[in-house]
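Take a look at the structure set out below.
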Amino acid sequence: MLQVPYLRENTEKALSGLAKRNKDFSATVQSIISVDESRRKLQNELDNLLAESNKISKIIGDLFKEGKREEADGMKVRTTEIKEECKGIETNLSQLEEELKQLLYLVPNVPHESVVFGKGAEENEVVYSSGEIHALGESKLPHWELCEKHKLIDFELGVKITGAGFPVYIGKGARLQRALINFFLEEAMKAGYTEHQVPHLVNEASGYGTGQLPDKEGQMYHVGVDDLYLIPTAEVPLTNLYRDVLLKEEQLPIKLTGYTPCFRREAGSYGKDVRGLNRLHQFDKVEIVQLSKQEDSYALLEDMVNHVKGLLNKLELPFRILRLCGGDMGFTSSLTFDFEVYSAAQERWLEVSSTSNFETFQANRLKCRYKGSDGKTQLVHTLNGSALALPRIVAALLENHQDENGVRIPQALVPYCGFERI
RNA sequence: GGAAAGGUGGGUGAGUGGCUGAAACCAACAGUUUGCUAAACUGUCGUACGGGAAACUGUACCGGGGGUUCGAAUCCCCCCCUUUCCGCCA
């Protein structure tokens with residue numbers, strides 16, 4: 001959620017940034033400013049009335065003590081009047097506050113200056129690419145056929161016990177999952193992230209904290225009886241660890257990592273994109289999260305991008321990095337880099353990581369602040385990235401490293417797997 | 001699921017309906033002292049939203065929401081959460 005004073009004082013800047021999202025927010029922003037204006041005016045009126053009432057109450061108290069009962073009773077008339085007046089104002093005020101909140105929920109984060117205008121994914125900029133795309137022979141197979149051939153993943157079984165998008169990993173397929181999770185966690189640890197094992201269900205407040213609620217309500221699985229949500233990413237519990245927390249400057253940056261399964265309803269996505277491991281309702285992911293001082297966040301974003309680069313290089317996968325254009329960027333993000341690996345048999349790019357700086361957008365809802373050396377309290381910047389999400393990595397590993405004898409496991413992963421070939 | 005206790009500032013923890021935005025202690029910060037560190041002493045030290053160039057100042061906040069009252073951390077009602085005991089159980 002953006003901050004009203006920011007919108008008020010930097011209206012032009014905010015609007016020109018928001019315009020990159022290929023949508024016009026000027027009407028909404030103008031309403032926010034004017035609703036807030038009325039809100040402040042009303043608040044002021046109320047405060048003045050309450051101040052008067054407080055003053056009178058004190059006098060009444062004193063009069064009582066002096067035994068001047070009648071005089072005191074006389075003054076009660078005015079406070080009763082004030083109370084009536086306040087009631088009306090309070091009703092209006094809470095209406096305005098609600099209106100303001102709803103308006104603020106409509107406005108996404110302001111894109112960073114490096115973000116370009118764009119309507120959608122096709123206008124994302126490729127800012128880096130690495131690895132060679134090998135032409136595979138005629139015998140190349142897509143990963144879902146490799147999974148079947150080598151008995152790594154059984155999609156049908158998953159359908160039977162749960163439904164589509166819930167695969168069952170078997171034998172070397174399951175061990176490969178464990179190996180990747182361990183590999184990613186170890187690498188994160190080496191890079192200074194502290195591992196956390198967090199709950200896989202979160203309450204409503206956490207959903208609001210990181211911005212999944214109210215915008216993406218339909219994307220999360222909701223456990224009605226207990227009013228809890230299955231996490232769509234470890235970002236939610238990890239970042240919410242610091243909800244309502246006042247940090248000291250020297251604690252920053254805070255670097256967190258954690259492995260969790262992720263649950264996504266993916267309502268409304270059909271077609272060939274969902275084949276095999278391309279899109280699942282449950283998948284595994286190691287997430288990295290950072291909380292930082294405002295002035296450090298972009299340098300840290302670069303560190304995170306480099307960390308993910310390192311992982312993909314060790315897995316010997318061809319990949320590219322995209323800087324998302326305004327139209328394709330997530331609601332809460334200010335700058336996002338997507339990582340895509342090349343899926344050699346499908347002959348398409350698959351997104352495996354999204355690494356973003358949210359600046360203060362999440363911190364504002366989270367109320368995660370720090371006290372700077374100047375004694376001023378300010379919001380932290382939050383960042384996160386997938387490092388990495390497993391299914392598409394597995395797809396790319398299988399497809400890119402297949403040969404006539406099966407599938408080769410990249411060297412870096414062998415110690416974690418315990419086998420060199422599938 | 002049943003019963004009981006409890007939720008107060010960064011932490012611990014007081015708080016007869018008005019003099020309590022809240023004692024005390026710890027932590028933190030600044031200063032004095034000191035060869036250094038420590039100790040001691042002194043002072044500062046909650047958040048949010050307003051007004052003001054600033055000094056400063058108004059309001060709200062003691063889990064959340066209502067209510068009683070001229071006045072509520074304190075009394076009443078509802079809800080949420082935590083802890084302990086019992087039951088069930090990996």
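Bear in mind the structure is a predicted one, so any value in this text is a computation, not a measurement. Quick note on labels: first sequence line is chain A, next is B, and so on, each numbered from 1.
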Under 4.0 Å between a side-chain N/O of A:Lys55 and OP1 or OP2 of B:rG58, yes or no?
no

Does A:Arg369 or A:Asn48 map to a spot on RNA chain B nearer the 5' end, using the closest nucleotide for each?
A:Arg369

Taking the basic N atoms (NZ, or NE/NH1/NH2) and the acidic carboxylate oxygens, is any pair closer than 4.0 Å for A:Lys55 and A:Glu52?
no

Once you apply the 3.5 Å cut-off to both distances, tell me the Watson-Crick or G-U wobble partner of B:rA90, or none.
none

Counting only side-chain nitrogens and oxygens, does A:Arg40 get under 4.0 Å of the OP1 or OP2 atom of B:rG51?
yes

Is the closest basic N to carboxylate O distance between A:Lys58 and A:Asp62 below 4.0 Å?
no

Side-chain donor-acceptor contacts of residues 412-422 of chain A below 3.5 Å, not counting sequence neighbours, with atom names and distances?
residue: A:Arg421; atom: NH2; partner: A:Asp403; partner atom: OD1; Å: 2.6
residue: A:Arg421; atom: NH2; partner: A:Asp403; partner atom: OD2; Å: 2.9

At under 4.0 Å, does any side-chain N or O of A:Thr377 touch on OP1 or OP2 of B:rU47?
yes

Closest-nucleotide ordering on RNA chain B, the 5'-leading residue of A:Asp47 and A:Pro5
A:Pro5

Is any side-chain nitrogen or oxygen of A:Asn44 closer than 4.0 Å to OP1 or OP2 of B:rG58?
no

What nucleic acid atoms does A:Arg78 come within less than 4.0 Å of, heavy atoms only: base, sugar-phosphate, or nothing?
nothing

Among the nucleotides B:rA60, B:rC49, B:rG71, whichever has the atom closest to the side chain of A:Leu50 is B:rA60

